[in-house]
Protein chains: 2
Amino acid sequence: MLDCAIIGGGPAGLTAGLYTTRGGLADVTMFEKGMPGGQITMSSEIENYPGVTGHITGMDLMIPWPEQCQKFGLKHEMSEVTRVSRSSEGIFTIHKSDGTSAEAKSVIVCTGSTPKRAGFVGEDVYFGRGVSTCATCDGFFYKGKEVAVIGGGDTALEEALYLAKICSKVYLIHRRDTFRSAPSTIDRIKNTPNIELVLNAVPEEVSGDAMGVNGIRVGFKDGTTRQIDVPGVFVFVGNDVNNQVLKQEDGSFLCEMTPWGEVKVDLSMKTSTPGLFAAGDMREQAPKQVVCAAGDGAVAALQAIAYVDGHH
Amino acid sequence: MLDCAIIGGGPAGLTAGLYTTRGGLADVTMFEKGMPGGQITMSSEIENYPGVTGHITGMDLMIPWPEQCQKFGLKHEMSEVTRVSRSSEGIFTIHKSDGTSAEAKSVIVCTGSTPKRAGFVGEDVYFGRGVSTCATCDGFFYKGKEVAVIGGGDTALEEALYLAKICSKVYLIHRRDTFRSAPSTIDRIKNTPNIELVLNAVPEEVSGDAMGVNGIRVGFKDGTTRQIDVPGVFVFVGNDVNNQVLKQEDGSFLCEMTPWGEVKVDLSMKTSTPGLFAAGDMREQAPKQVVCAAGDGAVAALQAIAYVDGHH
C-alpha cells in the first residue's frame with residue numbers, strides 16, 4: 001500500500017514527489033508513462049522560472065528535477081494510469097493499462113492539460129520554435145515584433161490583448177466573423193489599434209527555416225489566400241483537460257469538476273474527495289506556468305502528508 | 001502613475017515583478033526597504049526549491065532573482081511603505097516613511113509574515129544554524145536525529161507530528177501542561193511514541209558551536225533545569241502577519257482579512273478590493289514555501305495585468 005500515488009510527472013507531480021518524500025512519507029510512487037518533465041520540455045526557451053536564468057530550454061530546466069526527488073526516495077513507475085478509484089473504506093486503487101493495479105492511501109493527480117491543435121501544415125514541426133500555445137510563456141520573445149493569434153474564443157481574445165501590449169502588431173486570425181467572448185472583451189479587441197482582425201480565414205500552413213517560423217498562410221472562402229509574415233504564431237483553439245484517470249466506470253468523475261472538465265480545488269489543492277488532491281494545469285483557474293504548477297504540487301503534498309498522518 | 005506597485009521584495013514580490021514586467025506593464029516598482037530576497041536569505045541551506053540542487057544557502061538561491069526581474073524593467077525602490085490607500089476612483093496611493101508617496105493603478109502586496117521568537121538566549125545567534133521556524137523547510141536536515149519543538153498551539157503540535165515522521169525523537173517543550181489545539185491533534189501527539197512531552201518547561205538557552213546548535217536548556221518552576229542534547233530546535237510560538245501597510249487611518253483594513261490577520265484571497269490571489277492582490281506568506285493558508293510564494297506572485301501578476309488592461 002502506497003502512502004501516496006502521484007499521477008503525472010510534470011512540474012506539479014515532481015514537486016509533489018519532492019515534498020511528500022522529504023516530508024517523511026515512506027512509500028510514494030509517481031506514475032508517469034514517459035520521461036518526467038511535462039509539457040515544458042517542448043519549449044525551446046524559458047526565462048520566467050524564478051531564479052533560473054540564462055538561455056535555457058524547457059528540457060534544460062527540468063533535467064535536475066527527477067534526481068532532486070529521487071534523492072528523497074521518490075519512485076518513478078513508467079506505467080500508464082487508466083483510472084483512479086476509491087473504495088468505501090477510502091483506499092484508492094490505481095488502475096494501469098497493463099491490467100495491474102496499485103493501492104494508495106492518498107492520491108495527487110497532476111495529469112495536466114493539452115492545448116488543441118488548429119490542424120494547419122507545419123504546426124507540429126514548428127511547435128516550440130515559433131508556434132506556441134502560451135502567450136504568458138512566449139509572448140516576450142516577440143517583443144516589438146508582429147505575431148499571429150489563431151482562435152476566436154475567450155482565451156484567444158484575452159491572449160491577443162496580452163500580446164498586443166508586448167508586440168508591435170497582432171493579427172487575430174479567426175474562421176468566422178463573430179467571436180465567442182464577452183462583449184466587453186470584443187470591444188477591447190476592436191479598440192486596440194495594433195490588433196488587425198483577419199476574419200473568415202482558415203490557417204493553412206506555417207512556413208519557416210532553421211531559425212523557426214517566418215510566416216503563416218491563411219485561406220478564405222473565395223479561394224484566395226494571404227501570406228502573413230510573422231515569426232510567432234499563437235494557437236488558442238481550446239484545451240483538453242487530461243481528466244480521463246478520474247472518470248469512473250459509470251461515467252461520473254471521482255471528484256467535483258468544473259463545466260470545462262477541470263478539477264475543483266480550494267487554496268490547499270483539496271478536491272471534493274477526501275485524500276484526493278489535484279495540482280497543476282488540470283485544476284480550475286490554473287495559470288499554466290511551471291512555477292505555479294510546482295507551487296501547487298508542494299501544497300498538495302503537505303496536505304497529503306497531513307491526510308495520511310490522520311490529522312486531516 | 002505606476003501600472004503596478006509591488007510591496008515587498010521576497011520570492012512573491014520578485015516573481016510578481018518578473019511576470020508584470022515581462023507581461024508588458026510599463027511602470028512597475030517593487031518597494032522593498034532592504035535587499036530583495038526575503039526571509040529565505042536567512043536559511044543556511046535550502047534543498048526543496050524545485051530544480052535548484054546542490055548544497056546552497058537561501059542567499060545563494062535568491063541571488064539571481066533581482067537581476068532576472070530587472071532585465072524586464074522592474075524597478076526597485078529602497079523605501080519603507082507605511083500604508084496603502086485607495087481613492088474612490090480606484091487609484092492607489094503608496095505612503096512612504098519619508099513622507100512622500102506614489103500612485104498606482106494596481107497593487108500586489110507581499111510583505112510576508114514574521115515568526116515570533118520564544119525569547120531564549122542564543123535564539124537569534126543560532127537562527128538558521130539549528131534554530132528554525134519551519135519544519136517543512138528544515139525538518140529533513142535532522143532525519144534520524146533528535147530535535148526539540150517549542151510551543152503548545154496548533155502549529156507547534158502539527159509541526160511536531162510532521163517532524164516525528166522524519167526524526168528519531170521529538171522533545172515537545174511547552175510552558176504549560178495543557179495544549180491549545182484540537183483534542184484529536186492532542187491525542188495524536190500523546191499516542192506518537194517518539195514524541196516526549198517536556199511540560200511546564202521554559203526554554204532558557206540554546207548552546208552550540210561553530211557547527212550550529214548542540215542542545216537546549218529548559219527551566220522548571222521548581223528552579224531545576226534540564227539539558228536536552230539536540231542539533232535542532234524548532235520554535236512555533238506564533239506568527240506576526242506583516243499586514244500593517246493595509247491598515248487604514250480609521251483602523252480598518254484595505255481588504256477583508258482572516259481573524260488571524262491574513263489577507264483573504266481566492267485562487268487568483270484577488271483580495272476583496274478590486275485592483276489589490278496578495279501573494280506569499282501574508283495570505284490565508286499560505287504554505288510558507290519559496291516555490292509557493294513565487295507561484296502566488298506569478299498568479300497575482302497575471303491578474304494585475306488583466307486588471308490594468310481593463311478586462312477584469
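Proteins come first, then strands; the chains are lettered A, B, ... in the order of their sequence lines, and each starts at number 1.
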Please give me the minimum heavy-atom distance between [X] and [Y], naming the atom from each residue.
X	Y	result
A:G23	B:Y162	CA-OH, 3.1 Å
A:P287	B:L302	CB-CD1, 4.1 Å
B:C292	A:G295	SG-O, 3.6 Å
B:P50	A:A294	CG-CB, 4.2 Å
B:L267	A:D266	CD2-O, 3.8 Å

Please round to the nearest 0.5 Å and tell me the distance separating atom CG of A:D309 and atom NZ of B:K165.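 Here the rounded value is 4.0 Å.
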Just by distance, do the side chain of B:Q68 and the backbone of A:E47 share a donor-acceptor pair under 3.5 Å?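 At least one qualifying donor-acceptor pair exists.
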Counting N and O atoms only, with roles assigned by atom type, does the side chain of B:R22 sit under 3.5 Å from a partner on the main chain of A:G139, one being a donor and the other an acceptor?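 Answer holds: no.
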Top of A:A293, A:G51, A:G24 for chain B proximity - count of heavy-atom pairs under 4.5 angstrom: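 The answer is A:G51.
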Between A:N48, A:L14, A:V52, A:I166, the one whose heavy-atom pairs under 4.5 Å with chain B are most numerous: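 Of the options given, most contacts go to A:N48.
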Please state whether the side chain, the backbone, both or neither of B:V290 comes within less than 4.5 Å of a heavy atom of chain A.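 Neither part; nothing is under 4.5 Å.
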Does the side chain of A:S268 come under 3.5 Å of the side chain of B:Q285 through a donor N or O and an acceptor N or O?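 A pair is found: one side chain offers a donor N or O, the other an acceptor, under 3.5 Å apart.
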Determine whether the aromatic ring centres of B:F140 and A:Y19 lie less than 6.0 Å apart.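 For B:F140 and A:Y19, the ring centres are not under 6.0 Å apart.
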Hey, which of B:C137, B:A182, B:A26 has the most heavy atom pairs under 4.5 Å with chain A?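 Highest number of pairs under 4.5 Å: B:C137.
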Do other residues, nucleotides or ligands put more than 12 heavy atoms under 6.0 Å from B:K143 NZ?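 12 or below, so no.
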Region of A:E284 that comes under 4.5 Å of a non-hydrogen atom in chain B: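 Contact with chain B involves both backbone and side-chain atoms of A:E284.
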